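As the structure is a prediction and not an experimental result, all values here were calculated from the model. Lettering follows sequence order; numbering is per chain, from 1.
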Protein chains: 2
Amino acid sequence: MPDPIWLLIAEDLQLKIESGELGRDGKPLPTELELQEAYRASRHTVREAIKWLATRGLVYTRSGQGTFVRPRVDPFITRFVPSLESAQAESAAFGVAVRDRSRMPSVSPPRVEVQRAAGRYARELRIADDEAVVSRHQQRLIDDLPYSLQTTFYPMTFVERGAGRLIRAEDIAEGAVSYIEDVMGVKQVGWTDRFAVRLPDANEVAFFSLPDDGHVAVFEITRIGFDESGVPLRVTITTYPTDRNQFVMQFGQVPAD
Amino acid sequence: MPDPIWLLIAEDLQLKIESGELGRDGKPLPTELELQEAYRASRHTVREAIKWLATRGLVYTRSGQGTFVRPRVDPFITRFVPSLESAQAESAAFGVAVRDRSRMPSVSPPRVEVQRAAGRYARELRIADDEAVVSRHQQRLIDDLPYSLQTTFYPMTFVERGAGRLIRAEDIAEGAVSYIEDVMGVKQVGWTDRFAVRLPDANEVAFFSLPDDGHVAVFEITRIGFDESGVPLRVTITTYPTDRNQFVMQFGQVPAD
DNA sequence: GGGTATTTGTCCGTATGTATT
DNA sequence: AAATACATACGGACAAATACC
């Protein structure tokens, strides 16, 4: 069984794209009609070839305009530094990760909600299934470009115990973790990070301007912070597009770049 | 502009799949002919709907059999423990991560090659662009199921300096990092891990039995180990399918699960 | 702003090949 | 060997988006 025609066309186009013969400098690929004639195939067959390239992220099509080669983005690298000196350092990690590249980080005002803990968050916060939690959702940008979406869940009891700013829709400049330590004396002494990859939801597709064919997934990083007695004090879920983000962690003794 | 018909069909099928109305217990979805009649659409339109579901990983098709709901896999969680006591602990991390779940890890005999360092590895190992490196490639399995593909690059000078087993196509049971320390006195005191996500190559598609529509990406984790003087001594690249793997790291003081 | 040409998107029909049972 | 179901490929028609004059 030989390869189907659409695959031969797709692989030929891929070669010509990667060699630079096609699609240079944002120039569109040949139109479907031109490809039909060049490969002596039906439009359907040509479109299948293009679709194959598109689901692999090599090209994208714009209705009425043509097919374009997706420019390669150089990844943004986020460093997770295990700076254990203080919880505050971690809180400010967003700024730290960015500032040294002379880029401008910013965050949206948070969207604050109070809700019953769904199964997952109840389990991770180790509270009862119907207990209330505060969620704070923020968009984070770098140079006004979307960078990540972040939602943090706190037990609603924290508000009753004095951390009233958690339910205000205002940014907590010093970091919510520091704030909680200041007003409640509950100190975060460690955390776990869980890395997963999943398809983006509609919100993420819109915020990150992801292609709607679902071929770009997102990192979902779940951070659970613990206090001195090993009780979870917050769950933070942050998502980043996988096509333009990488993460670096270091352990032990590592030269300073 | 209303949604196209194929999208309406796709979303309707998605609902019926998620509610369990379709595809339970490995039962195939209705055939294309049945869907044509049910939605009064052409076969092409029905197939577009199925393709949309397939590129999102919800279903897969088998020629001559039908369309099936992709069963959700519960993710395998790999813990990256910052056990700094010794480099050896890290070397044996594969076994550690797995053993406590009463599963059986195994590794293939390595495929060993000597090659000139390509741009990337030369830069990461901080050696000249045309210097020779040893690469050791292994398949790692858990319960005889594919788990990860791993390639480690060492400077060829290590072999000349006494680490002869690096170019033997045999597993180094105590871990190559320990071996290097034993015979050369070069000790790994730290490392960096870089997490990236990319499309699988043909090797990875075959080894992990990934769908060939490219909708399942792989984690590519690059670990660079450093000795006491901050010189890189190896670069290890490990890939895992993103659809069934998650990674957990912990910092500071965290309760013991 | 409006009209027109270009290009991709959607949708239909049909025929034949290939894989599986 | 036959039946079933998906895969490939051809054809045509009209709609929608975009660019350009």
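Partner assigned to dT14(C) is dA9(D), using Watson-Crick or G-U wobble distances below 3.5 angstrom.
Partners of Glu113(B) under the salt bridge (Lys or Arg N to Asp or Glu O under 4.0 Å) rule, at least two apart in sequence or in another chain, are Arg111(B). The salt bridge (Lys or Arg N to Asp or Glu O under 4.0 Å) test applied to Asp243(B) returns no partner, not counting sequence neighbours.
For the residue pair Ser148(B) and Arg140(B), a side-chain donor N or O sits within less than 3.5 Å of a side-chain acceptor on the partner.
The CG-P distance, from Asp3(B) to dA15(D), rounds to 19 Å in whole Å. To the nearest angstrom, C1' of dA9(D) lies 15 Å from CD of Glu32(A). To the nearest angstrom, P of dA5(D) lies 11 Å from CG of Leu35(B). Taking atom CD1 of residue Ile9(B) and atom P of nucleotide dC12(C), one finds them 8 Å apart after rounding to whole Å.
Within a heavy-atom distance below 4.0 Å of DNA chain C, the residues of residues 60-68 of chain A found are Thr61(A), Arg62(A), Ser63(A), Gly64(A), Gln65(A), Gly66(A), Thr67(A). For DNA chain C, the neighbouring residues in residues 36-57 of chain A, judged by any heavy atom under 4.0 Å, are Arg43(A), Arg47(A).
Across every non-hydrogen atom of Lys27(A) and Phe68(A), the tightest pair is C-CD2, 4.3 Å.
Note on residues 196-218 of chain B: pairs passing side chain to side chain donor-acceptor pair (under 3.5 Å), not counting sequence neighbours, are Arg198(B)-Glu204(B), Arg198(B)-Glu220(B), Glu204(B)-Thr239(B), Asp213(B)-His215(B). Each side chain to side chain donor-acceptor pair (under 3.5 Å) pair with one or both residues in residues 64-76 of chain B, not counting sequence neighbours, appears once here: Arg62(B)-Gln65(B).
Within 4.0 Å (heavy atoms only), Ile5(B) reaches sugar-phosphate atoms of the nucleic acid but no base atom.
Stacking of Arg244(A) on the aromatic ring of Tyr147(A) is not recorded, the 6.0 Å distance cut-off and the 45° axial limit not both being met.
For Tyr240(B) and Phe219(B), the gap between ring centers reaches or exceeds 6.0 Å.
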